[in-house]
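First comes the structure, then the notes that go with it.
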Number of protein chains: 2
Amino acid sequence: MNDKPTSAKKAPSSRPDGVVTLEQVAELAGVSPSTVSRILNGTAAVSQVKKDAVHAAIQELGFRPNPVARGLAGGKTLSIGVVTQIISSPFYGEALLGIERELERAGYVPLFVSGNWHEDDERKAIETLLSRRVDGVIVLAGRIADAELAKVSDNLPVVVVGRQLSGPQLFSFSFDNREGARLATQHLVEQGHRRIAFIAGDLLHDDAVERQNGYFDALAAAGIAQDPNLIVQSDYTEAGGMLSVSRLLERDTHFTALFASNDQMAIGACLGLHRRNLRVPDDVSLVGFDDLIMARYSMPPLTTVRQSVYEIGTEAAKAMLDMLRGSQPKATLPGPELVVRESTRRMQR
Amino acid sequence: MNDKPTSAKKAPSSRPDGVVTLEQVAELAGVSPSTVSRILNGTAAVSQVKKDAVHAAIQELGFRPNPVARGLAGGKTLSIGVVTQIISSPFYGEALLGIERELERAGYVPLFVSGNWHEDDERKAIETLLSRRVDGVIVLAGRIADAELAKVSDNLPVVVVGRQLSGPQLFSFSFDNREGARLATQHLVEQGHRRIAFIAGDLLHDDAVERQNGYFDALAAAGIAQDPNLIVQSDYTEAGGMLSVSRLLERDTHFTALFASNDQMAIGACLGLHRRNLRVPDDVSLVGFDDLIMARYSMPPLTTVRQSVYEIGTEAAKAMLDMLRGSQPKATLPGPELVVRESTRRMQR
DNA sequence: TTGTATGCGTTATCAG
DNA sequence: CTGATAACGCATACAA
């Protein structure tokens, strides 16, 4: 225990604070710091003996590498920036959970910043992330220009969800929104509805456009003409859904079914209809999109299109990890699936 | 523009990558790096002339200090760890948003990690945070022992929401759950209800206990005896709320009102009641707690107790910033407030 | 008030 | 396979 005169020039043996450094590990294991680093990162082959000694030392000292120092020295911070839009949204929450879980398994930590559906905020968010030296960036939808994202990917791997981009360090994938929306609308058609209103999301976003296209697809397949009076654009929020119903009703156009392009708007629409004394599904059949938890517990339980938002998160994270380790990223999402609950019914009469 | 022979020993004037360093700023401004650092941190007084020169240089070069290097050198990473339970929960989402917004104003970034309502996970989360060298930790509820949190606060400022702790670097505050629950129950009593069922949260947690106490308070004040048959313990989820209704109904005890101690359980309960052909509020008056967005849009819109979860977030962040700058932390939360909507009504007959 | 020197904990580039 | 040694970008005693 006291083989050395503790008066060595440099004896970081134990510091006042509980911080254990790689250097101490090296000392205890009787090797050089570089060797410890190599073992930690698998940067080079090391003899088994030293490996064991180092691992033992790590155990004994309870050493945990300092990501900050790591970040400075090697450029790797083991953290992944995630640009979300509204962290409090039930939709994004699910995705973030998936990302967090998947990243954690690989020792990475997500750094969440909100873009607030605002281009400037997104840009700032990315700035923040870059200045924090994240190892990669995952972008969930958003408004920032494709070109800007591409530029970011010059320096870092970037995964984008909900767009179609690609590049050497740029990977993107989307849920099949169009097909999902088509299924939803088709379901309504099959129930005998022909006057099917549609609440679109913000058409600045691909996914909103795709969902609208899916709606058109189903209409076309059924030989139903599009009626602009049945379409209203909104913003994916409950309040927006409720307001949309008012707008629709003010137009004095008759409809027996309503497809809201996300669950939140559907929930809001449901209340809006209720306020006008229109019952779901008796007077109006209602379909949502996303299958958030709220869809299952709404009254009546909402027919909707299932997309596993959680899986979108895990897939994005996996793709990022792929890129990080140099392999070809991929993402396989389950296809859209209609979940029929109690907000839709066959048209009467 | 070219006053110096560009063959100086060290001329980091412009690097291949676009990274601008403090050193370059110093060079351009004609001062030493330390001076730039001082200006940036306000560590010492600097002459106005140099200040201006430095600021100009910063502008011109678009310099942004590297938080990673900062973290290594000064021990400050300008990041605050946040231990949340489930990042995807609508409740926590709101709080996180508040934290993020408030922290951002001060140049800090939150690092969210999930505790998953699991002691071990929480411990690991805190470990992760510490190894990331966060400047402080905000803990939202959770299961980890008070003593452990106190220990963490030996090295770092800690803000805990939902418990009663304190110490030199430890600050906590809670929403007045007891009073909120009392208000909710009292409302039911005032509506003429006497058989009021209660769905408790996990009683391992202070807030759940407090809400139950508030329920008891109101009962006592009204001279109504507690009936264990009317109480069921659950877990703050929609599924739990729904299940609780079944459990309640199986007991064959009659009740005309139900107080679910959070909105999510109330929503679940509402569906559960519906499944048994019990109408809200006609057969059963229902009250929730939290006033999440979903409460406003549920069918019927839910009477509940408002607590600004967003503000809980901002207050926690403010308290943390207070501690960080050495001043006494404080947190003032608006008191509980009953929001009467359409899920409750005067008892008939 | 300002500059110099040193260190923060790792990784990476060299020689052996 | 392994060990010195030099960065990484900034903060901070210490001098001046």
Side-chain angles (χ1 to χ4, degrees), chain A residues 9-54 58 61 63-79 107 130-133 135, chain B residues 9-10 12-27 29-54 57-58 61 63-78 107 130-133 135:
Chain A
K9 227 169 56 180
K10 261 193 172 182
S13 26
S14 105
R15 307 181 359 169
D17 49 353
V19 181
V20 181
T21 72
L22 180 151
E23 192 180 351
Q24 293 170 44
V25 173
E27 188 182 346
L28 183 73
V31 301
S32 77
S34 335
T35 300
V36 177
S37 174
R38 285 182 189 111
I39 294 176
L40 253 39
N41 303 290
T43 317
V46 175
S47 73
Q48 192 58 43
V49 225
K50 305 210 167 182
K51 242 181 208 164
D52 294 341
V54 167
I58 289 179
L61 265 38
F63 167 76
R64 311 234 312 146
N66 179 336
V68 178
R70 234 168 172 158
L72 228 208
K76 269 81 196 67
T77 52
L78 290 186
S79 60
L130 294 183
S131 79
R132 296 267 163 187
R133 301 298 191 271
D135 297 343
Chain B
K9 227 168 58 179
K10 262 191 171 185
S13 27
S14 104
R15 307 179 2 167
D17 48 355
V19 180
V20 181
T21 72
L22 181 148
E23 193 180 349
Q24 294 170 44
V25 173
E27 187 182 346
V31 302
S32 78
S34 14
T35 300
V36 177
S37 173
R38 285 178 190 116
I39 294 176
L40 253 39
N41 304 291
T43 318
V46 175
S47 73
Q48 193 59 43
V49 224
K50 306 210 167 184
K51 242 182 209 164
D52 294 341
V54 167
I58 289 179
L61 265 38
F63 167 75
R64 311 237 309 147
N66 179 335
V68 178
R70 234 169 173 159
L72 229 207
K76 269 80 196 65
T77 52
L78 290 186
L130 294 183
S131 81
R132 295 270 162 183
R133 302 297 192 272
D135 297 343

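- Residue A:K51 has no polar side-chain atom (N or O) positioned under 4.0 Å from OP1 or OP2 of D:dT2.
- Between B:R133 and B:L72, the closest side-chain pair of non-hydrogen atoms is not below 4.5 Å.
- Between the CD atom of B:E23 and the P atom of C:dG3 there is a distance of 14 Å, given to the nearest Å.
- Heavy-atom distances to DNA chain D give each of A:R38 and B:R70 a nearest nucleotide, and the one nearer the 5′ end belongs to A:R38.
- Spacing between atom CD of B:Q48 and atom P of C:dT2 amounts to 10 Å, rounded to whole angstrom units.
- In this structure, A:I39 places its CD1 atom 15 Å from C1' of C:dT10, rounding to the nearest Å.
- Remark on DNA chain D: of its neighbouring residues A:G30 and B:A73, the 5'-side contact belongs to A:G30, judged by nearest-heavy-atom nucleotide.
- The side-chain heavy atoms of A:I58 and A:L40, taken from C-beta on, include a pair separated by under 4.5 Å.
- When distances run from any side-chain atom of A:S34 to the nucleotides D:dG9, C:dT2, D:dG3, the shortest one goes to D:dG3.
- Summarising the geometry, the separation between CG on B:L72 and P on C:dT6 is reported as 19 Å, rounded to the nearest angstrom.
- Residue B:V31 is classed as a sugar-phosphate contact, given heavy-atom separations below 4.0 Å to backbone atoms only.
- Look at NZ on B:K76: it is 17 Å from C1' on C:dG9, rounded to the nearest Å.
- For B:N41 and D:dA11, the shortest distance from a side-chain N or O to OP1 or OP2 is below 4.0 Å.
- B:L22 has its CG atom 15 Å from the P atom of C:dT2, to the nearest Å.
- Using modelled atom types, one finds no donor on one side chain facing an acceptor on the other under 3.5 Å when comparing B:S34 with B:S37.
- Contact check, A:S37 against C:dT11: a side-chain N or O comes under 4.0 Å of OP1 or OP2.
- In this structure, the CG atom of B:L78 is 14 Å from the C1' atom of D:dG9, given to the nearest Å.
- Within the 4.0 Å cut-off from OP1 or OP2 of D:dT2, not a single side-chain nitrogen or oxygen of A:S32 is found.
- With hydrogens and angles left out, the side chain of A:R64 and the base of C:dG9 share no donor-acceptor pair within 3.5 Å.
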Subject >> A:V31 and A:I39: CA distance, side-chain angles, deciding distance, side-chain contact (heavy atoms from CB on, under 4.5 Å) verdict >> reply: CA-CA 11 Å; A:V31 301; A:I39 294 176; over 6 Å; no
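- The residue B:S47 sits close only to the backbone: its heavy atoms come under 4.0 Å of sugar-phosphate atoms, none of a base.
- The distance from atom CZ of A:F63 to atom C1' of C:dG9 is 8 Å, rounded to the nearest whole Å.
- At a threshold of 4.5 Å between non-hydrogen side-chain atoms, the residues A:T35 and A:S32 count as touching.
- A close approach under 4.0 Å does not occur between any side-chain nitrogen or oxygen of A:T35 and OP1 or OP2 of D:dT2.
- Across all strands shown, B:P33 has no heavy atoms under 4.0 Å from either base or sugar-phosphate atoms.
- Between A:S79 and A:R132, every side-chain heavy-atom pair lies at or beyond the 4.5 Å cut-off.
- Here the side chain of A:T21 is nearest to one of D:dC1, C:dA12, C:dT10, namely C:dT10.
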